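So the structure is just underneath, and the comments pick up after that.
Note that this is a predicted model, so its numbers are computed, not measured. In what follows, every chain begins at residue 1, and chains take the letters A, B, ... in the order their sequences are listed.
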Amino acid sequence: MAEAKNAPEARETQNFIEVAVASDRAAGRFDGRVHTRFPPEPNGFLHIGHAKAICLGFSLAETNEGLTNLRFDDTNPIKEESKYVEAITEDVRWLGYEWGDRLYYASDYFEQLYEWAVKLIEAGKAFVCDLSAEEIRAHRGTLTEPGIESPFRNRSVDENLDLFERMRGGEFEDGSRTLRAKIDMASGNLNLRDPVMYRVLHTSHHRSGDQWCIYPTYDWAHGQSDSIEGITHSTCTLEFENHRPLYDWYLDALGVHHPRQIEFAPLNLSNTILSKRKLLQLVNDGHVSGWDDPRMPTLSGMRRRGFPPTSIRTFCGMIGVGKQASLIELAQLEFCVREDLNRTALRRSAVLRPLKVVIENYPEEQEEKLEAINNPEDDAAGTRKVPFSRELYIERSDFMEDPPKKYFRLGPGREVRLRYGYFIRCVGFEKDERTGDVVELRCTYDPETRGGHAPDGRKVKGTIHWVSARHAIEATVRLYNSLFACPDPGALGDAFLGALNPDSVETIHGARVEPSLAEAEVGLPYQFERQGYYCKDSVESKRGALVFNRTVSLRDSWAKIVKKARASRR
RNA sequence: UGGGGCGUGGCCAAGAGGUAAGGCACCGGAUUUUGGUUCCGGGGAUCGUAGGUUCGAAUCCUACCGCCCCAGCCA
């Protein structure tokens, strides 16, 4: 397959992380090894923001003869479920990445983490604290005032060891005690004000079951998990920059392998939201049909919507990686999708809003098969035959009773080409007397123009798509638009629901599509000519009740002209 | 008035002392049996601001300004 010109490999510049890794390699740091990881928490589905992190992590390893692990940071049994680990592994694989036999879980390290915690207690660097959550907060101080040390901070090593063991043993209630690192209650970095390492949680875990009733916090588990796996470069988003000094402190206190953490700006995409918490809310409150709703920015939603994984990778490669907070326009993603689909999608004819056309001089019982090209961008895709007959359907928008100057389609007395068919001329039309709607077109065809060429060299400005009425099959088509109506719904905070786009989906029943689409395959992209890219819905499409999702429309310069004309008329 | 980051065209993003890449978007035009694709071409940034160093600064220094993150026993 031809590589997209914007594929990561095609870039001539390196981002700052690639530069940092390359210089580490050149300097022989970590013995020249590069080993990255993608560490999701199984508490929701992956979205395109995660794709950016995945592409970064895996490509960093790929270009440096290194490896990438997939590790679930499953330290909070309250929010995590195995259904999420299944969805996540499927999504990473779909994106096109492999982790070999290196699928890990932070929960696999619970015993090791416990032992290390004991080690810190023995070194006088951690203590069991009896303060409640509220009390800990009150002791923490504020952004501008130092905190106050816990009254339990100076317990003896023996007492701490005894208490910690009994925490593990299940003697204490949830929230009654924590194990805390003894660092600095006056630090300007709040993460260093004696952070909690363990909390009591009598909750069963999706993998370790009821083996534990104390669980490590993310901060205590994350850095050490990377260390255990021998990770060399830990990439993560900007909000963890403040945590790096803490991870450094833990790793140094333990004297274990110390990866280099590098933070980058998380992806923000216009007209959508990339916050797991908010996405969960959309799912739970029924604003969407599920995590895989085609309007969702989740990888499963985008897959169902018809986005090729390669286009997502291209996108991640072209937006760059930096530390600047940014909001990428949806148009940039759509560009990548169209560029990909234009090369790969099979062209088909589908009439979304049918208008009947009767070819008056075409014999009643006659029908024939016309040859149509499957993909003009790919000769190997070959051709197919489409049936033609006296009665057809064309798009309602391809006829105007009183067309403006630059309208190239059908109008009274006008002639157009039916794609891969004949030239037809409109000789009359019928209207519904009540509504005034045009309900049927009367046309004549020129038998000499079969296939769309006029032997006399006659030119026609417009080419429109069509389906044979008697052969076409009905389908439901969903036209998707952005989930949110404003560019940056995230800026609205918890009021983001107010910005939901009421027109994020328009469902069309009774569309007529060419017969070959009866055999449409889930997972294959189709271009409905002159309209856009579509895919058969993987969930709701049934034999005899086809459902297609619009992935993205084709660029439409006519729509621009119309829009501009309207604007200038005002 | 704590700590940590970041400020280059509408949106992204290279450049790291030698006189502003590239992509998306936008606007023209050519080609076209998709008003698609492709192909040409175009407009638009003195690089947050003000000083300073230098023959020369987006790049170095100083001071301001603005934006983001942090007060979960979430990750």
Rounding to an integer number of Å, can you tell me how far [X] [atom1] sits from [N] [atom2]?
X: A:E329; N: B:G23; atom1: CD; atom2: P; answer: 16 Å
X: A:F408; N: B:U32; atom1: CZ; atom2: P; answer: 14 Å
X: A:Y198; N: B:C74; atom1: OH; atom2: P; answer: 14 Å
X: A:L246; N: B:A75; atom1: CG; atom2: C1'; answer: 14 Å
X: A:L267; N: B:C68; atom1: CG; atom2: C1'; answer: 16 Å
X: A:I319; N: B:C12; atom1: CD1; atom2: C1'; answer: 8 Å

Base, sugar-phosphate, or nothing: which does [X] touch, judged by heavy atoms less than 4.0 Å apart?
X: A:L131; answer: base
X: A:R555; answer: sugar-phosphate
X: A:F72; answer: nothing
X: A:Q14; answer: nothing
X: A:H465; answer: nothing
X: A:V416; answer: nothing
X: A:I78; answer: nothing
X: A:T142; answer: base
X: A:K459; answer: nothing
X: A:H222; answer: nothing
X: A:D73; answer: sugar-phosphate
X: A:L143; answer: base
X: A:R277; answer: nothing
X: A:A325; answer: nothing

* Would you please test A:E135 and A:S132 for side chain to side chain donor-acceptor pair (under 3.5 Å) and show each step? => CA-CA 5 Å; A:E135 290 166 329; A:S132 68; 3.2 Å; yes

* Asked: Is any side-chain N of the basic residue among A:E415 and A:K461 closer than 4.0 Å to the acidic one's carboxylate O?
  ->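 Here A:E415 does not pair with A:K461 in a salt bridge, since their nearest N and O are not under 4.0 Å apart.
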
Between [X] and [Y], ring centroids under 6.0 Å:
X: A:Y393; Y: A:W466; result: no
X: A:F335; Y: A:F315; result: no
X: A:F388; Y: A:Y422; result: yes
X: A:F45; Y: A:H50; result: no

* To do: Identify whether a stacking contact exists between A:W558 and B:G35, where the ring centres must be under 5.5 Å apart and the planes under 30° apart.
  =>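 Yes, A:W558 stacks on the base of B:G35.
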
* When you measure from the side chain of A:L554, which nucleotide among B:A71, B:G36, B:A75 comes out closest? -> B:G36

* Structure fact -> Considering only heavy side-chain atoms of A:E241, the closest of B:G5, B:A25, B:C12 is B:G5

Could you tell me the Watson-Crick or G-U partner of [N], where both distances fall under 3.5 Å? Say none if there is no partner.
N: B:A71; answer: none
N: B:U49; answer: B:A63
N: B:G18; answer: B:C55
N: B:A25; answer: none

Under 4.0 Å from OP1 or OP2 of [N]: is there any side-chain N or O of [X] that close?
X: A:R338; N: B:G36; answer: no
X: A:K323; N: B:G4; answer: no
X: A:S132; N: B:C73; answer: no
X: A:Q324; N: B:A13; answer: yes
X: A:R177; N: B:C73; answer: no
X: A:R343; N: B:U37; answer: no
X: A:R199; N: B:C74; answer: yes
X: A:R140; N: B:G72; answer: yes
X: A:S557; N: B:G36; answer: yes

* Is A:Q527 side chain donor-acceptor paired with the B:U34 base, going by distance under 3.5 Å alone? -> yes

* To do: Could you tell me how the ring of A:F72 sits relative to the ring of A:Y105: parallel (under 30°), tilted (30 to 60°) or perpendicular (over 60°)?
  => parallel

* To do: Can you label the angle between the A:Y104 ring and the A:Y109 ring as parallel, tilted or perpendicular, going by 30° and 60°?
  => tilted

